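Treat the numbers as computed from the prediction; the structure is a model and nothing was measured.
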Amino acid sequence: SPVGRVTGPVEVCKANHHANFDAMGKIFLESLRPRVMIIHNWLAQQPDMSVLRRMLSTKTYPGPRDIFTTNIMEETKVVVGWAVDRLKGDQGHVIIRVNPGGNDFMVYVLDDSNENFQIKAKFGPYDCD
């Protein structure tokens with residue numbers, strides 16, 4: 001919470017502690033209000049359902065937000081259920097590329113199932129405020 005208050009609004013946020021149960025508190029999210037969030041997960045309990053619900057909720061902070069995960073497990077998809085459909089990406093490398101001039105950025109999801117790293121999806125441009 002103190003770090004969020006000092007930092008203030010951001011465009012992109014990497015989820016704290018893999019979005020485990022002890023991460024991404026309400027005050028932290030209210031302070032940062034990220035447009036894009038990335039969860040680097042690698043265990044079945046990541047992201048925690050209550051944390052993901054808080055990250056998705058417009059009651060936490062208003063406005064749109066896109067959430068990407070790097071490796072959500074099938075077991076996790078069963079637990080988080082409805083929230084999986086609200087994720088923009090659930091597998092692959094997530095790349096943030098700021099466009100020349102710094103006024104906006106793109107998000108790319110790369111296929112990490114082999115060493116070719118082909119682009120699976122791209123999102124944006126997102127405005128930088």
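Minimum interatomic distance between Gly124 and Met106 (heavy atoms only, all atoms of both residues): C-SD, 3.6 Å. Nearest approach of Pro47 to Val80, heavy atoms of both residues: O-CG1, 4.1 Å. Annotation for Tyr61 and Glu30: closest pair CB-CA, 4.5 Å, computed over non-hydrogen atoms. Taking both residues in full, the closest heavy atoms of Leu32 and Cys13 are given as CD2-SG, 3.8 Å, listed atom of the first, atom of the second, then distance. Nearest approach of Ala23 to Val51, heavy atoms of both residues: O-CG2, 3.5 Å.
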**Request:** Please step through side-chain contact (heavy atoms from CB on, under 4.5 Å) for the pair Ile39 and Met55, ending with a clear verdict.
**Result:** CA-CA 11 Å; Ile39 304 170; Met55 291 170 74; 3.9 Å; yes
**Message:** Determine whether Thr76 and Asn41 satisfy the following criterion, side-chain contact (heavy atoms from CB on, under 4.5 Å), listing intermediate values before the conclusion.
**Reply:** CA-CA 10 Å; Thr76 310; Asn41 48 327; 5.7 Å; no
**Item:** Full working for side-chain contact (heavy atoms from CB on, under 4.5 Å) between Asp90 and Lys77
**Value:** CA-CA 10 Å; Asp90 63 7; Lys77 290 179 181 181; 3.1 Å; yes
**CA sep, side-chain torsions, deciding dist, call: Leu52, Leu87, side-chain contact (heavy atoms from CB on, under 4.5 Å)** = CA-CA 10 Å; Leu52 186 55; Leu87 299 174; 4.1 Å; yes
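Using modelled atom types, one side-chain atom of Ser31 and one backbone atom of Ile27 make a donor-acceptor pair closer than 3.5 Å. No donor-acceptor distance shorter than 3.5 angstrom exists from the side chain of Asn20 to the backbone of Asp22, with no hydrogens or angles considered. Within the 3.5 Å criterion, the main-chain N or O of His40 finds a donor-acceptor partner in the side chain of His18. In this structure, Arg65 contributes its side chain and Met37 its backbone to no donor-acceptor pair below 3.5 Å. Arg54 places no side-chain N or O within 3.5 Å of a backbone atom of Thr60 that could act as its donor or acceptor partner. Looking at Lys120, its side chain does come within 3.5 Å of a backbone N or O of Gln91 through a donor-acceptor pair. Judged purely by atom type and a 3.5 angstrom limit, Asn116 has no side-chain atom pairing as donor or acceptor with the backbone of Gln118.
Atom CZ of Phe21 is separated from atom CD of Gln46 by 11.0 Å, given to the nearest 0.5 angstrom. Note: Thr7 OG1 to Arg5 CZ = 12.0 Å, rounded to the nearest 0.5 Å. Here the straight-line distance linking atom CG of Asp104 with atom CG of Asp129 works out to 11.0 Å at 0.5 Å rounding. One distance of note links CZ of Phe105 with SG of Cys128; it measures 5.5 Å at 0.5 Å rounding. Expressed to the nearest 0.5 Å, how far CD1 of Ile38 lies from CD1 of Ile67 amounts to 11.0 Å. Note: Leu110 CG to Phe117 CZ = 7.5 Å, rounded to the nearest 0.5 Å.
With hydrophobic clusters built from ILVMFWY side chains whose heavy atoms lie under 4.5 angstrom apart, Phe68 does not share a cluster with Met49. No single ILVMFWY cluster, assembled from side-chain heavy atoms under 4.5 Å apart, contains both Val36 and Met24. In terms of hydrophobic clustering, with Ile, Leu, Val, Met, Phe, Trp and Tyr side chains grouped at heavy-atom distances under 4.5 Å, Phe123 and Val94 are assigned to a common cluster. Following chains of ILVMFWY side-chain contacts shorter than 4.5 Å, one cannot reach Ile95 starting from Val107, and the two form parts of different hydrophobic clusters.
By the salt bridge (Lys or Arg N to Asp or Glu O under 4.0 Å) test, Asp66 pairs with Arg35, sequence neighbours left out. With sequence neighbours excluded, no residue forms a salt bridge (Lys or Arg N to Asp or Glu O under 4.0 Å) with Glu115.
A heavy-atom distance below 4.5 Å is not found between the side chains of Thr70 and Asp112.
Environment of NZ in Lys14: crowded, with over 12 heavy atoms of neighbouring residues, nucleotides or ligands closer than 6.0 Å. A 6.0 Å sphere centred on CH2 of Trp82 holds more than 12 heavy atoms belonging to other residues, nucleotides or ligands.
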